[in-house]
Protein chains: 2
Amino acid sequence: MTRVGGRGGSPAAPRSVDVARLAGVSQKTVSRVFNGERYVSDEVRRRVLEAAEELGYRMNNAARALASGRSRTIGVVTLGTALYGPATLLIGVERAARDAGYALRVVNTLEGDPGGVAGAVESLLEQGVDGIVVSEPIDEGSVSLSVDVPVLVLGAPAVFGGSRTVAAGVGAEPLARAATEHLLDLGHVTVHHLAGPQGWFAARDRLGGWRAALSARGREQPPVIEGDWSAESGYAAGREFASAGDVTAVFAANDDMAIGLIRALTEAGLRVPGDVSVVGFDDVPVAAYVTPPLTTMRQPFDAVANDGIRLLVQAIEKPDAEPAPAHDPPVELVVRASTAPPPTRKTPARGRRTASGSSGSAHSPPGGDSRPPLTEPTVN
Amino acid sequence: MTRVGGRGGSPAAPRSVDVARLAGVSQKTVSRVFNGERYVSDEVRRRVLEAAEELGYRMNNAARALASGRSRTIGVVTLGTALYGPATLLIGVERAARDAGYALRVVNTLEGDPGGVAGAVESLLEQGVDGIVVSEPIDEGSVSLSVDVPVLVLGAPAVFGGSRTVAAGVGAEPLARAATEHLLDLGHVTVHHLAGPQGWFAARDRLGGWRAALSARGREQPPVIEGDWSAESGYAAGREFASAGDVTAVFAANDDMAIGLIRALTEAGLRVPGDVSVVGFDDVPVAAYVTPPLTTMRQPFDAVANDGIRLLVQAIEKPDAEPAPAHDPPVELVVRASTAPPPTRKTPARGRRTASGSSGSAHSPPGGDSRPPLTEPTVN
DNA sequence: CGCAGTCATGACAGCGCAGTCATACAGCTG
DNA sequence: CAGCTGTATGACTGCGCTGTCATGACTGCG
């Protein structure tokens, strides 16, 4: 454990004492400078910074964490998927955390891993994080973690035990409701739902919003098909909807499934939105450019991430302060070309394939698939 | 700094000495047990683990890192985008790192941030990482970092200074070449290219592969349009290609741009693949379900991540060992329905809009847009 | 002018581990 | 059975920083 270059390697990183010596001050003063503490004269501060620059000094965070008991690090538990929602949320969380002066540790929980969240949280605690973000958790039967740091749950109620749990982004239900209402407003008698995997709180919220919208108008609730968020599962569901024969409107729990769904409907000879209207969820970047451009519900991922991190950082730094409530995110329904009023006649030749592609435009509504994609969202 | 519960909080986390006391051994022995060292009797090991369990002991990583000089942490510098490629790569990196016993720290560099990578690397070094992964870097003019830990560069040559730099996943050029050749093999006289932003090495590789394929057959290289990876930019490019009037095949540098491109072509009255064939890149999950299902080049993200981390961990743990070369990733062209032979006649009425949607199927080739999507890749 | 209050700095201890070395004892060997 | 070697354990120390307290120098004010 001697210093100064093991085996001819680099000459050992400089420590704060080295800087102190060069600047002619005490080591503690160097620490003060680097922590931006008060009571350091400008002259000394300048000398210290100069010395540090000259030596290429970099603070050792392990030592800092050990001495102070705080790591200025937030741990994130996220699903190991490239799904647009979780990925976008993670980016927002990283930026918000960095702006607040925190670094990030990330652990993925593979879906289907039993006790995955608990294990991930455990490993983060071992790493000494000051707070934990659980992003879009899967319900594993109310994992009650007794954790001694604040926990932020994104996209789910604060189901994890402990008094120091905050939540953000639990507002998907109103969004789902608005999406469903958009279809009802167009005149559809009822709306089918292509749900996400019900282990996800996000999927349940959307299901709940859909139910709420139908109930509020006294409409029948058709059976739900459950997908797994993938376009592939949307395609499979689309084949079922197509053969059911009485579907005029579907609210899909995310855009990927909506895209698969539309493909299956189209292949079955149904036109979207001529015969069946489809609403997605998320507003993924390609949604405006698929055929037809997808009407979808934009999610305020950045706002959720910012709000959440703000709450979490407050819980870390001022544990006794009033937990300021999260903002209500805006409802942004982006109306494009996949939704239209229902067909006026009892649709003929449904469920059987017709010629590939569309031909005329018998009851083709406004908003066919040849409009340039809308990019401006409609804010309600 | 007294222990045992500040202000009525939780009663201070147990340390290894506490476990040692309870187990009737020395602190050092507890350390041995938790590090899986040799020379601990089974009896003692059992007692220690029992005691640790009883106290809920969790190792303090800051202390471990400080004492040992190693953090068992890898830092990742990644772009702050939800693009499929980077996001998927990050997931692969996380899993590979965890399998190798390393935790992850993640820092995003916002695109356009000058010196972003350098700053991000700096902050990671401050955090005391044992190695650094730079994922899909943007070229900022050969940032030569003098870093004293091994660096893995993913998706780019090992441009970053230092002898301890390894690289993986630099094989996109052959993939791009194969994608272009697929179009030439179909009989297209030449192939246009919708490039990615040329600051990205990944984008340059694809451009290079495209050029190589054309050169090898002595074909003309039409002017390149540069997009920004987004469907929106693909759409804009598509309008240009459509008005150019002589385009029969386009190789897009990623799937999102290909989707936007196809939309613009379709709106201009051109059929895909009847009039214009399009090949994408990445094989994003929705590629099989858009209209028409996209022929695209699958990228071996997982293999790249695994290979890379293996190299990096080796560079960390056995600095003197021979750096085993990365495997050559397989070329997986997934042929779906967006590519076909060129139109047989000098195409009439091109560049002007015809009726929306396609009508007949004059020279509609096999692989029209009504085939069920292929999901099995063709391995070359 | 003397004393409190502020500002600026340093001495010192200790955070919770892992590294080093010393020690103790068991089983062998010749 | 002296002299080994190999196994199992503990005492002690220090990683590089921050927290606490002590100490001066300087201000302002009665």
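To find a chain, count down the sequence lines: A is the first, B the second, and so on, and within it residues start at 1.
Picking from D:dC17, D:dT18, C:dA18 the nucleotide with the shortest atom distance to the side chain of A:Ser16 gives D:dC17. Checking C:dC17, C:dA8, D:dA8 against every side-chain atom of A:Ser41, the shortest atom distance belongs to C:dA8. The side chain of B:Leu66 approaches C:dG16 more closely than any other nucleotide in the set D:dT18, C:dG16, D:dG10. The side chain of B:Ala67 lies closest to D:dG14, out of D:dG14, C:dG10, D:dT18. In the set C:dC17, D:dC17, D:dT18, C:dC17 carries the atom at the smallest distance from any side-chain atom of B:Arg15.
At C:dA18, one or more side-chain N or O atoms of B:Ser31 fall inside 4.0 Å of OP1 or OP2 (strictly under the cut-off). Between B:Ser26 and the phosphate of D:dA11, there is no side-chain N or O to OP1/OP2 separation shorter than 4.0 Å. Remark: A:Arg64 is not in phosphate contact with D:dC17, judged by side-chain N or O atoms under 4.0 Å from OP1 or OP2. Side-chain N/O atoms of A:Tyr39 include one lying less than 4.0 angstrom from OP1 or OP2 on C:dC7.
Counting to the nearest Å, the P atom of C:dC15 and the CD atom of B:Gln27 are 12 Å from each other. The distance between atom CZ of A:Arg47 and atom P of C:dA8, rounded to the nearest whole Å, is 14 Å. Straight-line distance from the CD atom of A:Gln127 to the C1' atom of C:dG16: 15 Å, rounded to whole Å. Atom pair A:Asn35:CG and D:dC17:P shows a separation of 10 Å (rounding to whole Å applied). Between B:Asn60 atom CG and C:dC15 atom C1' the separation is 8 Å, expressed in whole Å. Residue A:Arg70 contributes atom CZ, which lies 23 Å from atom P of D:dG16 at whole-angstrom precision. In this entry the distance linking CG of B:Asn61 with C1' of D:dC15 reads 15 Å, nearest Å. When the P atom of D:dC17 is taken as reference, atom CD of B:Glu126 falls 10 Å away, rounded to whole Å.
Checking A:Val30 against B:Met59, the closest nucleotide of DNA chain C that is more toward the 5' end is the one next to A:Val30. Nucleotides of DNA chain D nearest to A:Lys28 and B:Val44 differ in position, and the one nearer the 5' end is that of B:Val44.
The closest side-chain donor-acceptor pair between A:Arg105 and B:Thr73 falls under 3.5 angstrom. In this structure, a donor-acceptor pair under 3.5 Å is present between the side chains of A:Asn35 and A:Arg64.
In plain terms, the two heavy atoms of A:Arg72 and A:Asp130 that are nearest each other are N-OD2, 2.7 Å. When every heavy atom of A:Arg95 is checked against every heavy atom of A:Asp302, the shortest pair comes out as NH2-OD2, 3.8 Å.
Taken from OG in B:Ser71 to CG in B:Asn61, the straight-line distance is 8.0 Å, to the nearest 0.5 Å.
Residue contacts shown for A:Phe34 are absent, as no nucleic acid heavy atom lies under 4.0 Å away.
With hydrogens and angles left out, the side chain of B:Glu37 and the base of C:dA18 share no donor-acceptor pair within 3.5 Å. Applying the 3.5 Å distance criterion, the base of D:dG19 shares no donor-acceptor pair with the side chain of A:Arg32. One cannot find a donor-acceptor pair under 3.5 Å joining the base of D:dG6 and the side-chain atoms of B:Arg38.
D:dC29: Watson-Crick or G-U partner is C:dG2, with both key distances under 3.5 Å. Within the shown strands, D:dT23 is the pairing partner of C:dA8 under the Watson-Crick or G-U definition, both distances less than 3.5 Å.
If you run side chain to side chain contact (heavy atoms under 4.5 Å, CB included) between A:Leu312 and each of A:Ile132, A:Val133, A:Val149, only A:Val133 comes through.
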